[in-house]
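A short write-up of the structure that comes next.
The figures that follow rest on heavy atoms only: side chains count, while hydrogens, waters and symmetry mates do not.
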Amino acid sequence: MPDTSSSPHLFADVLARVHAACRALAAEANWPEGIDFGRVVVEPPRDASHGDMATNAAMVLAKEAKAKPRDLAEQIAEKLRADALIAKVDVAGPGFINLTLKPAAWAEALRTVLREGTDYGRVRGGSKVNVEYVSANPTGPMHVGHCRGAVFGDALASLLQFGGHDVTREYYINDAGAQVDVLARSAFLRYREALGEDIGAIPEGFYPGDYLKPVGQALAKEYGEKLRAMSEAEWLPTVRAKAIAMMMDEIRDDLAALNIRHDVFFSERSLIETGNNKVAETIDFLKAKGDIYEGRLPPPKGAPVEDWEDREQLLFKATAYGDDVDRPLIKSDNSYTYFASDIAYHKNKFDRGFAEMIDVWGADHGGYIKRMQAAVKATTSGKGELDVKIVQLVKLLRNGEPVKMGKRAGNFVTLRDVVDEVGQDAVRFMMLYRKNDAVLDFDLAKVIEQSRDNPVFYVQYGHARGHSIFRNARAEVFPDLPDDTDKRIAWLSESALERLSDPVELDLLKRLAIYPRMLEAAAAAHEPHRIAFYLYDLASEFHALWTKGRDLPYLRFIINNDAVLTKARLAMVQGVVSVLASGLAILGVHAPDEMR
RNA sequence: GCGCUCGUAGCUCAGCUGGAUAGAGCAUCGGAUUUCGAUUCCGAGGGUCGGAGGUUCGAAUCCUUCCGAGCGCGCCA
């Protein structure tokens, strides 16, 4: 259980009070033992006129308490009326209990924001989680297609970290299959080219991209003519290792352009090292459990396979764990299938202490989920849990028109091209401003527009506007308002927050109070996009309040002849600024002090 | 043929793991704005939540079944 006591927030607090009321009632009315309060929630009602919060306690508990929901609601409501934090309790509809809090509760919520600063909403003491993302093949630079999974995985990792988990960010390097041999042969061509040989057009079946030229040059510089004299079997391991190392450097650079850094780069090849063959070990392990057998598979349906050969082969009993068909582990050439090493890899994660694993994959790998989850179940005896997050395709547009593929680096737009054109912040925010499993349109022209159309700008501008207000306040009212964030917060925490009483101000405070609850839900669901939407809403509410000050001068943040009120409002602005900065930090997007 | 994902306003999408009268942004229409520093703000119209059944106090959400779209479908990673 995560320890939430270090970060009390209003919704958790009220939920605890509702629980207490129910428990008291349970004792009085002799409810059966062991009633589960887990389904009781406290949430903001859809319609604000119902109050500040609503709970479904009576409806959820009615059956077990053997009471009618309405009656039970009345009894719980009666208990809650005695609560010092709660101003009004109503029972409505089928048995909702609507709560209206005393205004002081919202001031207190703001005080919590200021006190906790960048830790507001943070939870401590959670479990170990492994998030594996990107894992692009080391056969070339990253292209736009990789971008979304990279950003998503990174933000999810940050979100879980903020939610108290001990997170490891991991990259699985597919450096063992046939593809990296093709890479090696392609690099060898470039090596011969670097030695002055005319290699002509790159033949079919090789990687044609210019990005392998530096590899060839590096090989020429390091080995001179030596490799050329060798047979392929002799030079291949050397060339392959060099090419993979250089590709991984390039990929790391690409990721750094998005401010993404992994903790662990795990090599697939390391799993099948002679003398320490984890794949063989894993297969033996599953054999001992009876999850592996020699058998035949029916030919695949759908698209016909020309060279289908019916043969006896080593199969993993995936169907015993929810998959549709058993899966082969060894190819006809006696090497392991990708799946076989992937089983060993995930078992290895579990053995390293990760009972919770998250993999981020592209949409084209959707068909692979069941078998991988089956494998995790089998290798961990059900103790390990794998959640696979699929990120859908990104459609790259410019002013609504699909972007033609460039030919600079092969036949794709590189991740670097996109980051260079629109910037890291726009890429990161927009990749997260959509549910991960929905197709995303990414318009290169729109994301750098400075308007409300562009949520990146809109949210960042909210943060900048807050700072603009501080600058003005310093010039007009409080020359000693500190510039340093921590000092400013300390300075503002002495404000008369009870002066914040206008309904629109209270709405803003309520929005701030929800932040920890939103984070909790987003972390539990593995859905970082909720943060992006929350931030947009918060910024929107803040901008609206700012504009209101034009028509209604008494709502301006800076009131020249009322320093006390001004200070309270600056405290509120600070609350907004803090939360915007916090949320943007989790998404990995900068929170600028001014827009340029 | 099978599996996975998705289907919500004219368009692009949210909808807090089952809650009350389904929400934003574009676009359309109507207003406000010589600004604490913008590129804003307020309001209106617009919906059979793909269709049909079911589960229960209650369904966009869960189940079944159709329809439609995308992805995938032995030894490719």
Take a 6.0 Å sphere around CZ of Arg296(A) and say whether it holds more than 12 heavy atoms from other residues, nucleotides or ligands. yes
In whole Å, measure the gap between the C1' atoms of rU61(B) and rU40(B) for me. 36 Å
If I pick the P atom on rC49(B) and the same atom on rC62(B), what distance separates them, to the nearest angstrom? 16 Å
When the distance from CG of Asp443(A) to C1' of rC11(B) is rounded to whole Å, what number comes out? 14 Å
I need the CG-C1' distance between Asp359(A) and rA77(B), as an integer number of Å. 14 Å
Mind checking if Tyr461(A) touches a base, just sugar-phosphate, or nothing, with heavy atoms under 4.0 Å? base
Can you tell me if Tyr458(A) touches the phosphate of rC41(B), counting only side-chain N or O atoms and a distance under 4.0 Å to OP1 or OP2? yes
Measuring from the side chain of Asp324(A) (C-beta onward, heavy atoms only), which nucleotide among rG74(B), rG3(B), rA77(B) has the closest atom? rG3(B)
Would you call the rings of His143(A) and His146(A) parallel, tilted or perpendicular if under 30° counts as parallel and over 60° as perpendicular? tilted
Cation-pi check for Phe11(A) against Arg517(A): NZ or CZ below 6.0 Å from the six-membered ring centre and within 45 degrees of the axis, yes or no? yes
Would you say Glu385(A) has more than 12 foreign heavy atoms packed within less than 6.0 Å of its CD? no
Please tell me which of Ile469(A) and Ser332(A) maps to the more 5' nucleotide of RNA chain B, matching each residue to the nucleotide holding its nearest heavy atom. Ile469(A)
How long is the line joining CZ of Arg556(A) and P of rC41(B), in whole Å? 17 Å
Minimum-distance nucleotide to Glu268(A) side chain [options: rG74(B), rU56(B), rA77(B)]: rA77(B)
Going by an N to O cut-off under 4.0 Å, is there a salt bridge joining Asp441(A) and Lys395(A)? yes
Side chains of Glu268(A) and Ser341(A): donor-acceptor distance under 3.5 Å anywhere? yes
How is the base pairing of RNA chain B summarised as a dot-bracket string, given the Watson-Crick and G-U wobble criteria with both distances under 3.5 Å, [ ] for crossing and | for another strand? (((((((..((((.....[...)))).(((((.......))))).....(((((..]....))))))))))))....
Would you indicate what Thr337(A) reaches in the nucleic acid, counting non-hydrogen atoms under 4.0 angstrom: base, sugar-phosphate, or nothing? sugar-phosphate
Reading nucleotides 13-20 of chain B from the 5' end, what letters show protein touch, with B for base, S for backbone sugar-phosphate only, - for no heavy atom under 4.0 Å? SSSBB-BB
Ring centroids only, cut at 6.0 angstrom: are Phe266(A) and Tyr171(A) within range, meaning strictly under it? no
For residues 561-574 of chain A, pull every pair meeting side chain to side chain donor-acceptor pair (under 3.5 Å), keeping only residues two or more places apart or in separate chains. Arg488(A)-Gln574(A), Arg499(A)-Asp562(A), Glu505(A)-Arg569(A), Gln574(A)-Ser578(A)
What interatomic distance, in whole Å, is found between C1' of rA14(B) and the corresponding atom of rA24(B)? 7 Å
Would Lys349(A) and Glu170(A) pass as an ion pair if we require N to O under 4.0 Å? no
Could you tell me how far rA69(B) sits from rU8(B) if I compare only their P atoms? Round to whole Å. 14 Å
Using ring centroids (six-membered ring only for Trp), state whether Tyr536(A) and Phe429(A) fall under 6.0 Å. no
Please give the distance between the C1' atoms of rG53(B) and rC67(B) as a whole number of Å. 15 Å
So Tyr336(A), base contact, sugar-phosphate only, or nothing? Heavy-atom distance under 4.0 Å. nothing
Met372(A) CE to rC4(B) C1', in whole Å, measures 17 Å
Whole-Å C1' distance, rA44(B) and rA59(B): 30 Å
Is the distance between the ring centroids of Tyr515(A) and His9(A) under 6.0 Å? no
Round to a whole Å and report the spacing from NZ of Lys66(A) to C1' of rC57(B). 18 Å
Using the C1' atom as the reference point in each nucleotide, state the distance between rG19(B) and rA77(B) in Å, no decimals. 45 Å
Confirm from the modelled atom types if Arg327(A) and rG74(B) form a donor-acceptor pair under 3.5 Å, side chain to base only. no
If I pick the C1' atom on rA9(B) and the same atom on rC4(B), what distance separates them, to the nearest angstrom? 29 Å
May I ask you to say what Lys548(A) touches in the nucleic acid, namely base, sugar-phosphate or nothing, with a heavy-atom cut-off under 4.0 Å? nothing
Answer yes if the ring centres of Phe152(A) and Tyr133(A) are under 6.0 angstrom apart, and no otherwise. no
Whole angstroms only, please: what is the CZ-P distance between Phe542(A) and rG37(B)? 13 Å
OP1 or OP2 of rG37(B) sitting under 4.0 Å from any side-chain N/O of Asn472(A)? yes
Could you work out which one of rC57(B), rC36(B), rG37(B) sits closest to the side chain of Lys63(A)? rC57(B)
To the nearest Å, give me how far apart CZ (Phe457(A)) and P (rG25(B)) are. 16 Å
Arg465(A) near the nucleic acid: base, sugar-phosphate alone, or nothing, with a heavy-atom cut-off under 4.0 Å? sugar-phosphate
Asp593(A) CG - rG37(B) P separation (whole Å): 16 Å
